[in-house]
Novice: 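Starting off with a structure, shown below.
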Amino acid sequence: MILYDHKKIEEKWQKIWEEKNIFVAKDKPNQEKSYILDMFPYPSGQGLHVGHPEGYTATDIYCRYLRMKGVEVLHPMGWDAFGLPAENYAIKSGRHPRLTTEENINNIRRQIKSLGFSYDWSREINTSSPDYYRWTQWLFLQFYKKGLAYRALAPVNWCPSCQTVLANEQVVDRKCERCKTEVEQRNMKQWFFKITDYADELLCDLDKLDWPESLKEMQRNWIGASQGAVIKFPISNIKFKIQEIEIFTTRLDTIYGATFIVISPELAKKWIEAGWQANEGIIIYVHESLKGRELERVERAVKEKTGVETGIKVINPATGEEIPVWVADYVLGSYGTGAIMAVPAHDERDFAFAKKFNLPIRRVVEPKFVATEGEEAFRPQEETVKRNAVCCVVRNPKDDSYLCVSWKHFIMHGFITGGVEEGEDIVAAAKREIHEETGYKNVRLVSNPEFALHSFFYHRVKKQNRHARFQYLFFELENEEKDPINIQEESLHEVLWIKRNNLKNFLSVIEGKFTENFLANSDYIYTGEGILWNSDEFSGMESAAAIPAIAKKIKAQLTTQYKLHDWLISRQRYWGAPIPIIYCNQCGEVPVPEKDLPVLLPDDVDFKPTGESPLVRSVSFQNVSCPQCAAAARRESDTMDTFVDSSWYFLRYCDPHNTEEIFDKKKIDIWCPVDFYVGGAEHAVMHLLYARFFTKVLRDLGYVNFSEPFLKLRNQGLILGEDGQKMSKSRGNVINPDEIVEKYGADTFRLYEMFMGPLEDAKPWNTTSIIGVRRFLEKVWQLALTPKINHLVDLSADKEQELSYWMSKTTKKVTDDIVTFRFNTAIAALMEFVNYLFKVTLPAINQQKVTDLLLQLVYPFAPHLACELWEQLERPGQIWQQPWPEYNPQALQLNKVNIAVQVNGKLRGQLLLTAGLNEVEVIDWAKKLEPVSKYLIGKNIKRIIYVPDKLINLVIE
RNA sequence: GGGCGAGUGGCGGAACUGGCAUACGCACAGGACUUAAAAUCCUGGGCCCGCAAGGGAUUGAGGGUUCGAUUCCCUCCUCGCCCACCA
């Protein structure tokens, strides 16, 4: 037998595929098409990492399958070639990024090709090539014309190590995403894309996408929409340019509890600049908090709130009351209006601040509970009786126990509660109830937190719907003196003292359970929605209804606020696409005319970062004449964020060599949107959000006719090192795919990566396990070239059925698993099939059929091997020209089935029976089964559960 | 602090809609071939008791629903990822 020489075979077939152009996608309209895309790599000097080919292999298997199903597939590859590492390397080594990038691309292209992926290389693109970035610049100009690209002075994130500004998305934990240096806040005039115009659509359209739910959730959080209101608080005591404070709140229902206003240091600074005569203490505080780097500011403030009173007073438009204004760094300048109304009774941060500075706390929202289960369930159709009530928490200080009652006719455990009579003082009412129900005479009021909750339930004794407002009162028992309890009360419930640590489990009624919050935390405040209190005509309304009603009365604007900010795209770096803008002393900001594109990146540049764009130092680049008035002018020297390049690359693949326009719209219509996109989850809120934004803008500009670029998306999970840690050079646990391909071959490598586990899971690499898939391929080789053939007899009917069962079963499993991207179990099914084939000896005619099937099923996973064997067996044509195998559903039904026999749910035996027997027959067989019968001696069978052709369970007493 | 996800042999993992837990692979042990080793092939156990036949336990822990739970419900523990003073 010829040996399985992976090197020879793989080189041979890769060359054939390339020469025959078999993976070149044809632009035919109205064909059944599929656009399958991998996230294009950054051409790093490290070359490919074993993580990259995981996603590439998955899409390759799927593409090869689709082509055999007759689908025209677009499966391109390219290079996200601009970016900082190449430039940083240039600074260190003095080698130009263009050169190193080109070398890196050549290396990675070689690596990718060595794995035999079926890319259409005729469509290869490179974002750092002028043919490409010309259109990135053109897009910038279209955005500019539409008012979606603008230049503004704004506080921005500055990375002192990378010497450039960063987008919000590139700042993680206040640190530069790339180099982990803490970022600084600077005020700079920079270019932005107005992504916030699309915030709402970017949020809503997520629902339509077949993406991992966690990833969609990350985008939702990033966009961060909050429904709320903007309210104006007029300044009442001083006069300067600012006459009112605008605040944003999501809790307009709490406005009657707003006892002060807090503004951010950023806003305070603006006011000072606008002429506010702030005292020195304020100026120092504002200065200090803005100077302190963001990270420290947050860490300090979370521990303890700081702030100063401004002396300014405003009118609360709801209460008409005059309230003070404070400045504090717990209010962010970058969110909402940079100012809040503080409601200490219903917000933990405001509460902490109010406690520290002794500001008034006013409760205005009370929790609402509706019983929904059991006999107590509130009956919405029936009339409701409203009652004022007390909930009395009586503590015995001697042993830290609490006075409780346990109802005798229901399972109901709680504190002493009772109704308050008309005109009765609540403390008096509470004492009366304690005395009536328990007999204790001497209790002392400890505190009245002026807290109440509303409970809606059906009163089982009184037989009516109740809406009770329980007010809490805390007492201590002074002494044990008590009167006898009246007989009627006694018959209803039992009086108990429950120890503090048992209380939580004991209490069963809602007002009791809720008390736990106060006992556990004396500073407990209620932050949820509920029923309004102390809120004029809105008292008694529910939060949701009160918000629009209050808004109407005080003329507040209901709006949605987003966390998403506009995308800052300027970078003070060299290796990127120059922003096509010219600054003229006469005409100001002038866009470069489209005919002058591309604005070429000059070669004669000193890369050393100075905080200024390196392009500033290129005289040939900087000095231009104004396109409008021809006067001397200068070019914008910043380049664009590289995420701009990758926001539209999937469109260029449809028409990559067009020199007249960005793309031919007809070709976009043929291929787009992308049907299936695979890549890492790290792009959740950057690339994937930006690409969606670009698509929506291009749709509004009329260039594309769809709203979402990537219909279906899956993330490949991380491949960890053999030690279970993330692979990294410093840990020394990096696996180089080249070595694996050299030693075991590309087919083995591909198969191993798919066999490791589910695509989306993180999983550790284990080199010794590779041998398993290599053995499998060798078995396929052996089975195809040197099968055991039975020349003497035909296959018996039984064996014939068994064979077609295996063929159908395997075809079905492999097909289903490819479509659902569960490659690990597809490979396991192929292994089982091969193990079976090794055990049987078949006549030549069957042997040929089964080998053909096996090779076709294996082809998407191990294409080199399958092509080679197909050729060696002298089968007609090429394997990739064959249609994908179909299976026979009838063959999946077997004559004989294995039925599990259980006694009381425990497996006691197996029955091999003809399929489709009725229950009675199966029971008969089961009872006779030796390992089963011994359990039945002297027992009655109570019940029998029969799952046809699968399982029988005999339930005995 | 909030959100999402996960927990199954020594290891990676499998199990449709509640129906034989541990498929497939690695590793391991015994055997065959070999002067020997590697490779290959065959066989085997998987935690506990037993020479064995066999029995019992078992899907992070505890509880519930069910004839039957890795799967559904409740409580808790651990790990991973993301977000985090966002009003």
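Just so we're on the same page: letters track the sequence lines, and every chain starts at 1.
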Novice: Based on the glycosidic angle (syn within 90° of 0, else anti), state the conformation of B/rG9.
Specialist: syn

Novice: With P as the reference atom in both, quote the distance from B/rU65 to B/rU17 in angstrom, rounded to an integer.
Specialist: 25 Å

Novice: In whole angstrom, give me the gap between the P atoms of B/rG55 and B/rU8.
Specialist: 29 Å

Novice: Sort out the partner of B/rC76 for me: Watson-Crick or G-U wobble, both distances under 3.5 Å, none otherwise.
Specialist: B/rG60

Novice: Assign a letter to each nucleotide of nucleotides 14-20 of chain B from its 5' end: B, base within under 4.0 Å of a protein heavy atom; S, sugar-phosphate only; -, no contact.
Specialist: S-B--BB

Novice: Looking at every heavy atom in both A/T527 and A/H346, which two are closest together, and how far apart are they?
Specialist: CG2-O, 3.5 Å

Novice: Using purine N1 to pyrimidine N3 plus N6-O4 or O6-N4 for Watson-Crick, or N1-O2 and O6-N3 for G-U wobble, both under 3.5 Å, which nucleotide pairs with B/rA32?
Specialist: B/rU40

Novice: Contact class for A/D350 (heavy atom, under 4.0 Å): base, sugar-phosphate, or nothing?
Specialist: nothing

Novice: Find the distance A/L564:CG to B/rA84:P and express it as a whole number of Å.
Specialist: 13 Å

Novice: Counting only Watson-Crick pairs (N1-N3 plus N6-O4 or O6-N4) and G-U wobbles (N1-O2, O6-N3), all under 3.5 Å, who is the partner of B/rG50?
Specialist: none

Novice: What's the CG-P distance between A/L783 and B/rU40, to the nearest Å?
Specialist: 16 Å

Novice: Is any NZ, NE, NH1 or NH2 atom of the basic residue among A/E802 and A/K896 found under 4.0 Å from an Asp or Glu carboxylate oxygen of the other?
Specialist: no

Novice: Between C1' on B/rA84 and CD on A/E217, what's the gap in Å once rounded to a whole number?
Specialist: 14 Å

Novice: Can you list everything that forms a side-chain hydrogen bond (donor to acceptor under 3.5 Å, both in side chains) with A/Q219? Sequence neighbours excluded, please.
Specialist: A/R692

Novice: Is the shortest side-chain heavy-atom distance between A/Y285 and A/D329 below 4.5 Å?
Specialist: yes

Novice: Using a strict threshold of under 4.0 Å (side-chain N to carboxylate O), is an ion pair present between A/D210 and A/K216?
Specialist: no

Novice: Can you tell me the Watson-Crick or wobble partner of B/rG12, both distances under 3.5 angstrom?
Specialist: B/rC24

Novice: Could you work out which one of B/rC41, B/rA87, B/rC26 sits closest to the side chain of A/S226?
Specialist: B/rA87

Novice: Quantified in whole Å, what is the C1' atom distance between nucleotide B/rC73 and nucleotide B/rG18?
Specialist: 13 Å

Novice: State whether A/F353 and A/K305 meet the cation-pi test: NZ (Lys) or CZ (Arg) under 6.0 Å from the six-membered ring centroid, and within 45° of the perpendicular axis.
Specialist: no

Novice: Is the shortest heavy-atom distance from the side chain of A/W806 to the side chain of A/K809 under 4.5 Å?
Specialist: yes

Novice: Between A/H683 (NE2) and B/rC82 (C1'), how many Å, whole number?
Specialist: 16 Å

Novice: Once you apply a heavy-atom cut-off of 4.0 Å, does A/K942 come out as touching a base, just sugar-phosphate, or nothing?
Specialist: nothing

Novice: A/M756 CE to B/rC24 C1': how many Å, rounded?
Specialist: 15 Å

Novice: Starting from the 5' end of RNA chain B, give me the residue, A/G336 or A/T768, whose nearest nucleotide shows up first.
Specialist: A/T768

Novice: Decide yes or no for A/T560 and A/D200: does some side-chain heavy atom of the first lie under 4.5 Å from some side-chain heavy atom of the second?
Specialist: no

Novice: Nearest to the side chain of A/E832 - B/rC24, B/rC26, B/rA87?
Specialist: B/rC24

Novice: Taking B/rU59 as the reference, what is the distance to B/rA23 when you measure between their C1' atoms (whole Å, please)?
Specialist: 15 Å

Novice: Considering only side-chain heavy atoms of A/M218, which listed nucleotide, B/rA87, B/rC24, B/rC82, is closest?
Specialist: B/rC82

Novice: How far, in whole Å, is B/rA37 from B/rA32 if one measures between their P atoms?
Specialist: 11 Å

Novice: Should B/rA87 form a Watson-Crick or G-U wobble pair with both distances under 3.5 Å, which nucleotide is its partner?
Specialist: none

Novice: What is the nucleic acid contact for A/R908, judged by heavy atoms within less than 4.0 Å: base, sugar-phosphate only, or nothing?
Specialist: sugar-phosphate

Novice: Mind calculating the distance between CD (A/E778) and C1' (B/rA39) to the nearest angstrom?
Specialist: 9 Å

Novice: Measure from the side chain of A/K906, starting at C-beta and using heavy atoms only, and say which of B/rG56, B/rG25, B/rA87 lies closest.
Specialist: B/rG56

Novice: Taking only the C1' atom of each, what is the distance from B/rA69 to B/rA15 in whole angstrom?
Specialist: 13 Å

Novice: With a 4.0 Å cut-off on heavy atoms, is A/K763 in touch with a base, just the backbone sugar-phosphate, or nothing at all?
Specialist: sugar-phosphate

Novice: In whole angstroms, how far is the P atom of B/rC26 from the CG atom of A/N766?
Specialist: 11 Å

Novice: May I ask you to decide if A/E722's main-chain N or O and A/N733's side chain share a donor-acceptor pair within less than 3.5 Å?
Specialist: no

Novice: Over all strands shown, is A/A352 touching base, sugar-phosphate only, or nothing at heavy-atom distances under 4.0 angstrom?
Specialist: nothing

Novice: Identify, between A/I771 and A/Y335, the residue whose nearest nucleotide on RNA chain B lies closer to the 5' end.
Specialist: A/I771

Novice: In whole angstrom, what separates A/W781's CH2 from B/rA39's C1'?
Specialist: 18 Å

Novice: Taking only the P atom of each, what is the distance from B/rA6 to B/rA87 in whole angstrom?
Specialist: 28 Å

Novice: Show the nearest heavy-atom pair for residues A/L892 and A/Y805, with the distance to one decimal.
Specialist: O-CE1, 3.6 Å

